[in-house]
Amino acid sequence: RFLVWWSMELRMYALAGACLMAATLGVMRWLEGRGRGRARWDMALYVVGATGALYSVYLAGAGLVALNVVVGWRLLRRRPEALTPRPPPEPRFTYGAAGTPSNRSGQGEDAWRRTVEWAAAQVAVLVAFAPWAIYAGGRMSSWRVVQDGPSLWFTVKLWLTLLATGVSTDIESAWPW
């Protein structure tokens, strides 16, 4: 019985892990900066993966927070001076193949653009997850507020009962004494 219960419980974690890996792949490819057209697909992969992970199991939010910390660190480490507001630099003009001028400004615009892209991806994930959060928020019976935390003995009994029987609810009926 324990193995059946555990395998049913593990399905959502496996799906969330696969979705988090897809989100991580999208982010890593986006951080490499393979071009504007490719960046949109990389961000789309992140949004779909992050949303799928959140829909699978709420604990995936911890993985997304960790991923956001890494991305924030990478963006700041790459160009910390580019994220501080300052007057725009003088544009440098170069001539393209057709002889038309094109603006090749500094890295500050790139850092701001990437920060805005990342923020837009976060908003997209929140917008995609919001309907489920609104729907499920009031219907979750396991989110009751506990007045006092569980005792150590209760936690040990719960863990042992889960290992022995595969049932983590109503432990008093499963516990022999």
(message) If you take the centroid of each ring, where Trp contributes its six-membered ring, are Y46 and W118 closer together than 6.0 Å?
(response) yes
(request) Nearest 0.5 Å please: distance from the CE atom of M28 over to the CG atom of D42. (result) 11.0 Å
Over all heavy atoms of both residues, which pair between [X] and [Y] is shortest? Give the atoms and the distance, please.
{"X": "V125", "Y": "T51", "answer": "CA-OG1, 3.9 Å"}
{"X": "E117", "Y": "M43", "answer": "O-SD, 4.1 Å"}
{"X": "C19", "Y": "A53", "answer": "CB-N, 3.5 Å"}

(request) In sequence, state the C-alpha distance, the side-chain angles, and the governing distance for M21 and L25, and then conclude on side chain to side chain contact (heavy atoms under 4.5 Å, CB included). (result) CA-CA 6 Å; M21 288 302 294; L25 176 66; over 6 Å; no
(request) Run through L20, L126, L64 and flag the one making a side-chain contact (heavy atoms from CB on, under 4.5 Å) with L54. (result) L64
(request) Specify whether Y58 and F129 have parallel, tilted or perpendicular ring planes, treating 30° as the upper limit for parallel and 60° as the lower limit for perpendicular. (result) perpendicular
(message) Are Y135 and Y55 connected into the same hydrophobic cluster when the rule is that any two of I, L, V, M, F, W, Y join if their side-chain heavy atoms are below 4.5 Å apart?
(response) yes
(message) Could you check whether any side-chain heavy atom of L31 comes within less than 4.5 Å of a side-chain heavy atom of R114, counting everything from C-beta outward?
(response) yes
(message) Side-chain heavy atoms under 4.5 Å apart, restricted to Ile/Leu/Val/Met/Phe/Trp/Tyr: what other residues fall into the cluster of M12, or is it alone?
(response) Y13, V57, L59
(request) Take W30 and R38 through the test side chain to side chain contact (heavy atoms under 4.5 Å, CB included) and record every step on the way to the result. (result) CA-CA 8 Å; W30 176 76; R38 182 77 172 219; over 6 Å; no
